[in-house]
There are 2 protein chains.
Amino acid sequence: MTKEPTKAATPTAARADAKGRAPADAAPASNRATRAAERRSAIVEAAMEEFIARGFAATRLDDIARRAGVAKGTIYLHFKDKESMFEELVRTVIVPVVAKLNALPPPTGSVRDLVEAFAGNFLREVIGTRRGDLVRLIVAEGPRFPSVADFYYREVVSRGIAGMRALIELGIARGEIREKNLARYPQILVAPAMIAVIWQSLFARHAPLDAQDMLRVHLDLIFGERRTT
Amino acid sequence: MTKEPTKAATPTAARADAKGRAPADAAPASNRATRAAERRSAIVEAAMEEFIARGFAATRLDDIARRAGVAKGTIYLHFKDKESMFEELVRTVIVPVVAKLNALPPPTGSVRDLVEAFAGNFLREVIGTRRGDLVRLIVAEGPRFPSVADFYYREVVSRGIAGMRALIELGIARGEIREKNLARYPQILVAPAMIAVIWQSLFARHAPLDAQDMLRVHLDLIFGERRTT
DNA sequence: TGACTATGACTGACCAGTCAGTCATAAATG
DNA sequence: CATTTATGACTGACTGGTCAGTCATAGTCA
């Protein structure tokens, strides 16, 4: 364009270096479709990073593009606009989570063990990770993106609540859980975990929180003092 | 502005009507200081409304000014810039809350009653009110405004946690609370309340949550099944 | 297989709109 | 009338979105 139409000299390999970065260009990228998919996921990754760090409104598409090693225009080949990019991004990142939720192990062992394993896993995979930040992001932007909040509720929250409820009812049936009303509010079961997520991102440096240990105490509250040990 | 530059005719009284609203202009406003204070609080009120609705970055100062019934320039007579306005705003709104926290009633009656009264009050005054939205706002913008997060932690969270801990220890001493480790994590006590705040602003229309009732169940968990009734 | 063409993914300069912050002017005050 | 306070038009910087042009790759043909 205006720049230097004479740059026709640009050889094959030089191109990647010409831009700021060479992303995951290790593989020569077989066909177009593959490359496109790679681009897209690079954009998603970069966008998540930026949105988490700055929030929706304050994030610049230029920054996303630079971080993804892509020109700004490329973003618009994959997403309609900033808004729908945000929405699709959340969907994309959430999907694997949903998959995991659906693959709940069959109820074996004590309910307490089940819940402990499940929640322990949750903490490990969410607290202090990108995923945890995503949760905060959804809390932050949800009210301005009803479709995101809806999606998140439908795909994650309602399923999670249902699963928890089933577990609680099992625990009640087996006599492990005394408080029958708990089945009405499975939220109580996960509340400390949610708090831990938020706490970490806001107050960790003032007063770090041992989420794992807090969870143990909370479960003692529900199941009674620690069973064996 | 763009409207009609010829409105130079605007007489004294007409001014208030000229803009969208006439705030608390009933009183002729005695001295300057009073008027200034009124202006300031009108700005704070309007700003809170806008920030809650749109978040920091997406909020326009023009909108705040219009809502406050004030010219944009006036804002800059009270605040250095948008950022420090946000910070001061949070401080201003939080202060009364701190005052209430400090005025905790002396420990009389059962601890359960105390906690129930306290938490009930909390729910009534926070859930579904502007204050609840403010909490969400702090969660949302906190990471980008460390000074706000710090302030909130210092003035509200740490005090609240300390108060809760004292209450829990009292409950343990009196034998009302069995789980001794709870004193290590007062967060557990308030977790459901926090969850309720967030739930209301995100998922209320999908599945309204009876926060009051949920809280009761949670307290049953901590204090054992309902004592008298 | 090697040369030649068609395709469309990709680029980035550009534009139009937006908004935080300023300041010359006007109004109110005492 | 001098001083303090308020106004809102204006500016300059910034950013979401566009599009004419480029070029590596896939496809075609001899």
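Labels below follow one simple rule: chain letters A, B, ... track the order of the sequence lines, proteins then strands, and each chain is numbered from 1.
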Chemist: Quick one: sort the A/Phe203 and A/Trp199 rings into parallel, tilted or perpendicular, breaks at 30° and 60°.
Modeler: perpendicular

Chemist: Are B/Arg184 and A/Asp213 close enough for a salt bridge, meaning some N to O gap below 4.0 Å?
Modeler: yes

Chemist: Please report, rounded to the nearest Å, how far the C1' atom of C/dC19 is from the CZ atom of B/Arg66.
Modeler: 13 Å

Chemist: Phosphate oxygens OP1/OP2 of C/dA9: is one of them under 4.0 Å from a side-chain N or O of A/His78?
Modeler: no

Chemist: Assign each of A/Gly73 and A/Thr59 to its nearest nucleotide of DNA chain D by heavy atoms, then name whichever residue's nucleotide is nearer the 5' end.
Modeler: A/Thr59

Chemist: Rounded to the nearest angstrom, tell me the gap between atom CZ in A/Arg40 and atom P in C/dA9.
Modeler: 14 Å

Chemist: Take the protein atom CZ of B/Arg60 and the nucleotide atom C1' of C/dC19, then report the distance between them rounded to whole Å.
Modeler: 9 Å

Chemist: Starting at atom NZ of A/Lys72, determine the distance to atom P of D/dG21, rounded to an integer number of angstrom.
Modeler: 20 Å

Chemist: In whole angstrom, what separates B/Ile43's CD1 from D/dT5's P?
Modeler: 14 Å

Chemist: Let me know which of A/Glu88, A/His78, A/Glu45 forms a side-chain hydrogen bond (donor to acceptor under 3.5 Å, both in side chains) with A/Arg40.
Modeler: A/Glu88

Chemist: Would you compute the distance between atom CG of A/Leu189 and atom CD of A/Gln187 and round it to the nearest 0.5 angstrom?
Modeler: 10.0 Å

Chemist: Any side-chain donor paired with an acceptor under 3.5 Å for B/Asp81 and B/Ser84?
Modeler: yes

Chemist: Identify, residue by residue, the members of residues 79-88 of chain A with a heavy atom below 4.0 Å from DNA chain D, and return them in order of residue number, or none.
Modeler: A/Asp81, A/Lys82

Chemist: Find the distance A/Asp62:CG to D/dG17:C1' and express it as a whole number of Å.
Modeler: 11 Å

Chemist: List the atom of A/Val139, the atom of B/Arg136, and the distance in Å for their closest heavy-atom pair.
Modeler: O-NE, 3.5 Å

Chemist: Tell me what A/Leu77 touches on the nucleic acid: a base, only sugar-phosphate, or nothing, going by heavy atoms under 4.0 Å.
Modeler: base

Chemist: B/Leu61 side chain: which of D/dT7, D/dG16, C/dA20 is closest?
Modeler: C/dA20

Chemist: What residues from residues 44-58 of chain A pass a heavy-atom cutoff of under 4.0 Å to DNA chain C?
Modeler: none

Chemist: Heavy-atom count check: over 12 atoms from other residues, nucleotides or ligands less than 6.0 Å from A/Glu50 CD?
Modeler: yes

Chemist: Please determine which of A/Phe151, A/Tyr152, A/Phe86 meets the side-chain contact (heavy atoms from CB on, under 4.5 Å) test together with A/Phe145.
Modeler: A/Phe86

Chemist: Working to the nearest 0.5 angstrom, can you tell me the gap between B/Tyr153 OH and A/Arg205 CZ?
Modeler: 11.5 Å

Chemist: Distance check: side-chain N/O of A/Arg39 vs OP1/OP2 of C/dC10, anything under 4.0 Å?
Modeler: yes

Chemist: In whole angstrom, give the distance that lies between atom CG of A/Asp63 and atom C1' of D/dG16.
Modeler: 13 Å

